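Within every chain, numbering begins at 1; the chains are lettered A, B, ... in the order of the sequence lines, protein sequences first and strands thereafter. What you see is a predicted model, and the numbers here were worked out from it, not measured in a lab.
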Number of protein chains: 2
Amino acid sequence: MGEEQVTQEAGQGGARGRPCSVAAALGLVGEKWSLLAIREISFGNRRFDVIARNTGAPRDRLAARLRALEAAGVVVRRRYSDHPPRYEYELTEAGRELRPVLTALRAWGDKWAVDTPPAAFTHSCGHDLDAAMVCRHCGGEVGFDDLKLRVLAPGWTREGPALAQGT
Amino acid sequence: MGEEQVTQEAGQGGARGRPCSVAAALGLVGEKWSLLAIREISFGNRRFDVIARNTGAPRDRLAARLRALEAAGVVVRRRYSDHPPRYEYELTEAGRELRPVLTALRAWGDKWAVDTPPAAFTHSCGHDLDAAMVCRHCGGEVGFDDLKLRVLAPGWTREGPALAQGT
DNA sequence: TTCGTTGGTTTGAAAAACCAACTGACATCC
DNA sequence: GGATGTCAGTTGGTTTTTCAAACCAACGAA
């Protein structure tokens with residue numbers, strides 16, 4: 001009956017690569033169409049048909065992705081009509097907190113993946129949004145060269161798994 | 001002979017969904033393993049074997065993804081030895097500018113996708129990186145509710161394609 | 001000479017994605 | 001009062017993609 005089961009390792013358990021929150025995040029929202037569905041919902045388009053049309057996703061894939069996102073706690077599915085049963089989707093807190101990811105991706109895409117931006121955002125200050133990442137402590141814009149990685153996962157270093165020799 | 005060809009529509013041309021820089025960006029770097037490969041390269045791991053091991057990607061997939069990323073101008077492949085020919089990868093400017101995307105994804109994953117962060121970054125100011133998005137104009141942190149979408153793509157609105165009736 | 005390293009390619013089977021058509025339970029149009 | 005439309009998906013059949021593991025070629029080291 002059921003179709004696909006949720007196979008997410010989320011980078012935590014039996015994953016084969018480096019334990020990493022990026023991998024874990026992609027395990028939850030990294031499949032094709034997921035982020036586009038989230039984009040539409042964040043635009044206020046809550047209905048299946050509209051999300052399908054505006055993303056271009058095949059309906060069966062979209063249904064599967066929405067279920068996975070619901071299981072991941074990123075969206076909620078709300079019945080807005082019995083008889084016939086009709087549902088709509090909205091973002092949870094976790095889902096809303098994905099908007100910075102979309103913003104970063106959109107900024108990159110605007111610059112490197114399209115000729116002219118197909119959309120823009122007006123910030124409440126009146127200007128077009130031009131987002132920067134700053135450090136909350138010093139307030140300075142994050143230059144990625146003044147970031148030092150500390151690998152906390154045991155058995156791993158920046159260059160890979162520490163050669164296990166003992167246990 | 002050849003394997004896969006580059007099928008990227010990049011959200012620009014014949015795409016079926018909303019024209020969108022997010023979709024365009026995902027068309028270039030949204031396939032499985034791509035962002036993890038970029039993560040490793042941004043960590044300074046430039047060699048194929050190391051990237052394969054640390055991401056957990058199947059070698060054939062990784063080879064295909066790296067070629068696509070090279071074609072997209074996100075990485076460059078540099079021969080560091082003839083006889084035998086040996087290559088290493090590094091990020092282009094476009095690739096380096098994906099680091100904010102990774103940072104946003106990592107922040108989200110730290111909070112919503114793992115129990116304890118497997119890595120952290122020390123900012124040059126001495127503190128752990130805690131990144132925020134701010135508007136470059138007003139300097140204020142971006143609250144995503146005080147953002148107003150303007151759809152620039154002709155024929156599209158926030159809720160979808162404008163019903164074509166004329167042409 | 002044999003082993004290990006490196007950057008892949010090949011192979012064959014399993015999984016996932018795609019597309020178009022279909023379903024039900026209504027509401028609305030003519 | 002039948003025809004058509006809306007909506008949230010399913011279903012079925014085909015095409016693509018992914019995967020794991022083995023293989024390869026060119027060297028360098030032991």
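For the pair B/Glu88 CD and C/dT5 P, the computed distance is 19 Å after rounding to whole Å. Rounded to a whole Å, the NZ atom of A/Lys32 is 8 Å from the P atom of D/dT17. The CG-P distance, from B/Asp82 to D/dC27, rounds to 10 Å in whole Å. The CG atom of B/Leu66 sits 14 Å away from the C1' atom of C/dT6 (whole-angstrom rounding). Straight-line distance from the CG atom of B/Asp60 to the C1' atom of C/dG12: 12 Å, rounded to whole Å. Counting to the nearest Å, the C1' atom of D/dT17 and the CD atom of B/Glu31 are 10 Å from each other.
At its two ends the helix from C/dT1-D/dA30 to C/dC30-D/dG1 runs along axes set 0° apart, each axis drawn from five pairs and the angle rounded to 10°.
Between D/dT10, C/dT9, D/dA8, one nucleotide has an atom nearer to the side chain of B/Arg67 than all others, and that is C/dT9. Listed nucleotides: C/dG8, D/dT18, D/dA8. Nearest to the side chain of A/Tyr87: D/dA8. With distances taken from any side-chain atom of A/Tyr80 to the nucleotides C/dC19, D/dC19, D/dC7, the minimum falls on D/dC7. Out of D/dA20, C/dA17, D/dG12, the shortest distance to the side chain of A/Arg61 is found at C/dA17.
Residues that satisfy the salt bridge (charged side-chain N to carboxylate O under 4.0 Å, His left out) test with B/Arg99, not counting sequence neighbours, are A/Asp145. Shown here are the salt bridge (charged side-chain N to carboxylate O under 4.0 Å, His left out) partners of A/Lys111, two or more places apart in sequence or in another chain: B/Glu97. The salt bridge (charged side-chain N to carboxylate O under 4.0 Å, His left out) test applied to B/Arg86 returns no partner, not counting sequence neighbours. In this view, A/Arg150 and B/Asp128 satisfy the salt bridge (charged side-chain N to carboxylate O under 4.0 Å, His left out) rule, not counting sequence neighbours.
Between A/Arg16 and D/dA20 there is a side-chain N or O to OP1 or OP2 distance below 4.0 Å. Look at A/Trp33 and you won't find any side-chain N or O under 4.0 angstrom from OP1 or OP2 of C/dA16. For D/dT18, the OP1/OP2 oxygens have a side-chain nitrogen or oxygen of B/Arg65 closer than 4.0 Å. Taking only side-chain nitrogens and oxygens, A/Tyr89 comes nearer than 4.0 Å to OP1 or OP2 of D/dG9.
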Contacts table for residues 38-46 of chain A: side-chain donor-acceptor under 3.5 angstrom, sequence neighbours left out:
{"unit_1": "A/Arg39", "atom_1": "NH2", "unit_2": "A/Asn54", "atom_2": "O", "d": "3.1"}
{"unit_1": "A/Glu40", "atom_1": "OE1", "unit_2": "A/Asn45", "atom_2": "ND2", "d": "2.7"}
{"unit_1": "A/Glu40", "atom_1": "OE1", "unit_2": "A/Asn54", "atom_2": "ND2", "d": "3.1"}
{"unit_1": "A/Glu40", "atom_1": "OE1", "unit_2": "B/Arg18", "atom_2": "NH2", "d": "3.1"}
{"unit_1": "A/Glu40", "atom_1": "OE2", "unit_2": "B/Arg18", "atom_2": "NE", "d": "2.6"}
{"unit_1": "A/Glu40", "atom_1": "OE2", "unit_2": "B/Arg18", "atom_2": "NH2", "d": "3.2"}
{"unit_1": "A/Ser42", "atom_1": "OG", "unit_2": "A/Arg39", "atom_2": "O", "d": "2.7"}
{"unit_1": "A/Asn45", "atom_1": "ND2", "unit_2": "B/Arg158", "atom_2": "O", "d": "2.9"}

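Contact check of residues 40-57 of chain A against DNA chain C (heavy atom, cut-off under 4.0 Å) returns no residues at all.
At distances below 3.5 Å, not a single donor-acceptor pair connects side-chain atoms of A/Ser34 with backbone N or O atoms of A/Gly30.
Within the structure, no pair that satisfies the ring pair (Phe, Tyr, Trp, His ring centres under 6.0 Å) test touches residues 16-37 of chain A, not counting sequence neighbours. For residues 68-94 of chain A, there are no ring pair (Phe, Tyr, Trp, His ring centres under 6.0 Å) pairs, not counting sequence neighbours. Each ring pair (Phe, Tyr, Trp, His ring centres under 6.0 Å) pair with one or both residues in residues 118-138 of chain A, not counting sequence neighbours, appears once here: A/His127-B/His137, A/His137-B/His127. Sorted by first then second residue, the side-chain hydrogen bond (donor to acceptor under 3.5 Å, both in side chains) pairs that include residues 100-109 of chain B, not counting sequence neighbours, number zero.
In this structure, A/Glu70 CD and A/Thr92 OG1 are separated by 10.5 Å, a value rounded to the nearest 0.5 Å.
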Could you list, one pair per line, each protein nitrogen or oxygen that sits under 3.5 Å from a nitrogen or oxygen of nucleotides 22-25 of chain C, together with the distance?
{"unit_1": "C/dG24", "atom_1": "N2", "unit_2": "A/Arg86", "atom_2": "NH2", "d": "2.8"}

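Here the closest non-hydrogen pair linking A/Leu66 and A/Val75 is O-CG2, 4.0 Å.
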